[in-house]
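Heads up: the structure comes next, in structure tokens.
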Amino acid sequence: MNLLIKSATISDPGSPFYKQIADVLIEKGVITRIAKTINEDIDSFDAKGKYLAPGFFDLNCNIGELGLETKEDLQTGTRAAAAGGFTGVVLMPNTMPPVHSKAEIEYLMNRAKNNLVDVYPLGTISYKREGKDLAEMYDMYQSGAKAFTDGNQPVQDAGLMERALLYTKGFNALVFSYPEDTAIAGKAKVHEGEVSTLLGMKGIPSLAEELMVARDLYLAEYTESRIHFSTISTERSVDLIREAKKKGLQVSCDVAVHHLLLTDDALMGFDSQYKVKPPLRTKKDVKALLKGLTDGTIDAIVSQHTPHEVEFKNVEFEMAEYGMISLQTAFAIALEAGLAVDMIVEKMAINPRKILNIEVPVIAEGQKANLVVFDKDAEWIYDKFNNKSKSYNSPFIGQKLKGSVLLTYNNNKLFKS
């Protein structure tokens, strides 16, 4: 599809037109010309006062397919992603069956062909995510899996994690660690602290996350392997990873966007829409996470999009499932958390692709058009009518948000809000 984007402020540090206002001509999916003024008799989009950046890329997205399509399928999930400015998503293997063999990888990749949003399914570390035996990791890698994780199931067995790190090192794949020691976390539902005490609920101590971060850093150092930590949430986790990077370890990490804005104070009304895992932490933790983004300790921001049917969330807090949908709101939440546009582009578009060794789109002539146009000042109300997900489990439904994605373009396909 041909398109002329007019008067956009280009927010791409890799572009020769970085921070310039320009017209961008796209023909058959390729940027053919960038200039101060372009006059062509084709469909145009007025982006005056708006930003043009590489399409966002999400390293942590849950879509129900396979087996849980009543929560979300690839069609609705990628539509929500496009509405949120994402042109690429990494699928967690939290499905039924789990993505633990090349058959599931190939099925998902075939299902996602010819989509505006590029889809990258991750394979499991362990067979059936049971944490006992390694899955068919090399076969999955050969079929297109870029990295491996047991999703929201932490790998409790240190020996299994060590073998996974050693094995994937042989073919330069990446292991994602979801850091939680289940023996310490137990069956608690919220962060351990003043709020959990006031609510009369058992808490998950920060130690449950930090012990696992420390363990897997030691394992990565011992095996001289790469490791990526998913959705870190505590001050000490940031400190541990900062220290590891200074030592030269091959470590990266991401943070869920809601952990940059929300604290456990949001739980005072027992609203299960705020029930996530890792749990919402304290203001001190949020401050440390924001500092970690600024100094480069935290490499990426993820949506951790986790859809659920209403019957799994509209129940008593203790019984509710973890997670919220967030593909459409991630950009606005990042802005609300105080992040600048350049920071958001770096953490949501550029670094996530670098972590997976995927080519980073560039706003330049001759390059494939993979981009998003957004207005950081536009206000909009997120409601059940403009929600593109199959599910509605978001605490932001019905709220006015600032920062709107206007246009998403990739693979010669266009989405306009």
Side-chain angles (χ1 to χ4, degrees), residues 56-61 89-90 92 120 122 125 146-155 161 164-165 168 173-181 206-221 223-261 276-281 284-305 326 330 333-334 337 339 343-358:
F56 300 147
F57 190 94
D58 189 19
L59 281 174
N60 191 316
C61 178
V89 295
V90 167
M92 292 288 115
Y120 298 87
L122 297 191
I125 293 172
K146 296 288 187 181
F148 301 92
T149 176
D150 273 355
N152 57 9
Q153 187 72 30
V155 178
M161 179 60 86
L165 289 167
T168 53
L174 182 62
V175 169
F176 281 30
S177 168
Y178 170 60
E180 181 188 79
D181 189 315
S206 299
L207 181 66
E209 175 177 308
E210 295 153 5
L211 270 181
M212 196 65 84
V213 169
R215 185 202 76 174
D216 286 351
L217 285 172
Y218 276 119
L219 291 175
E221 182 176 24
T223 58
E224 298 181 343
S225 302
R226 292 194 299 149
I227 193 166
H228 178 83
F229 290 96
S230 295
T231 60
I232 64 168
S233 64
T234 77
E235 179 183 27
R236 183 58 180 147
S237 291
V238 178
D239 291 340
L240 287 167
I241 293 169
R242 183 182 290 116
E243 293 164 10
K245 286 191 170 188
K246 287 179 180 178
K247 289 174 62 177
L249 271 65
Q250 302 175 77
V251 57
S252 57
C253 66
D254 64 56
V255 60
V257 67
H258 46 263
H259 280 112
L260 301 174
L261 179 65
V276 293
K277 205 168 190 183
L280 298 178
R281 304 287 188 182
K284 187 178 180 183
D285 292 307
V286 170
K287 184 177 179 181
L289 292 169
L290 291 169
K291 181 181 177 182
L293 282 169
T294 302
D295 67 20
T297 301
I298 300 176
D299 303 274
I301 298 169
V302 300
S303 77
Q304 204 186 18
H305 179 81
S326 47
I333 295 170
L339 301 185
M343 174 76 75
I344 292 172
V345 171
E346 176 190 357
K347 306 295 185 178
M348 290 178 59
I350 296 172
N351 286 358
R353 290 182 169 93
K354 288 182 177 179
I355 289 168
L356 281 193
N357 289 325
I358 293 171

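Computed from a predicted structure; not experimentally measured.
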[X] [atom1] to [Y] [atom2] distance, which is reported to the nearest 0.5 Å:
| X | Y | atom1 | atom2 | result |
| --- | --- | --- | --- | --- |
| Ile301 | Ile333 | CD1 | CD1 | 11.0 Å |
| Ile232 | Asp285 | CD1 | CG | 10.5 Å |
| Lys347 | Leu293 | NZ | CG | 5.5 Å |
| Arg215 | Ser177 | CZ | OG | 6.5 Å |

Within the 4.5 Å heavy-atom criterion, are [X] and [Y] side-chain neighbours or not?
| X | Y | value |
| --- | --- | --- |
| Tyr178 | Lys277 | yes |
| Asp254 | Thr231 | yes |
| Thr234 | Arg281 | yes |
| His228 | Leu59 | yes |
| Arg226 | Val175 | no |
| Leu356 | Phe57 | yes |

Keeping the roles fixed (side chain from [X], backbone from [Y]), state whether a donor-acceptor pair exists under 3.5 Å.
| X | Y | answer |
| --- | --- | --- |
| Asp299 | Asn351 | no |
| Ser237 | Ser233 | no |
| Ser326 | Ser303 | yes |
| Glu224 | Gln250 | no |

Discussion item. Check Asp295 with Lys245, please: is the shortest side-chain N to carboxylate O separation under 4.0 Å?
Written reply: no
Worksheet item: Is the closest basic N to carboxylate O distance between Glu243 and Arg236 below 4.0 Å?
Response: yes
Practice prompt. Of all the heavy-atom pairs spanning Leu217 and Ala244, show the shortest one and how long it is.
Written response: CD2-CB, 3.7 Å
Practice prompt. For Met212 and Phe229, run side-chain contact (heavy atoms from CB on, under 4.5 Å): C-alpha distance rounded to whole Å, both residues' side-chain angles, the deciding distance at 0.1 Å, then the answer.
Written response: CA-CA 10 Å; Met212 196 65 84; Phe229 290 96; over 6 Å; no
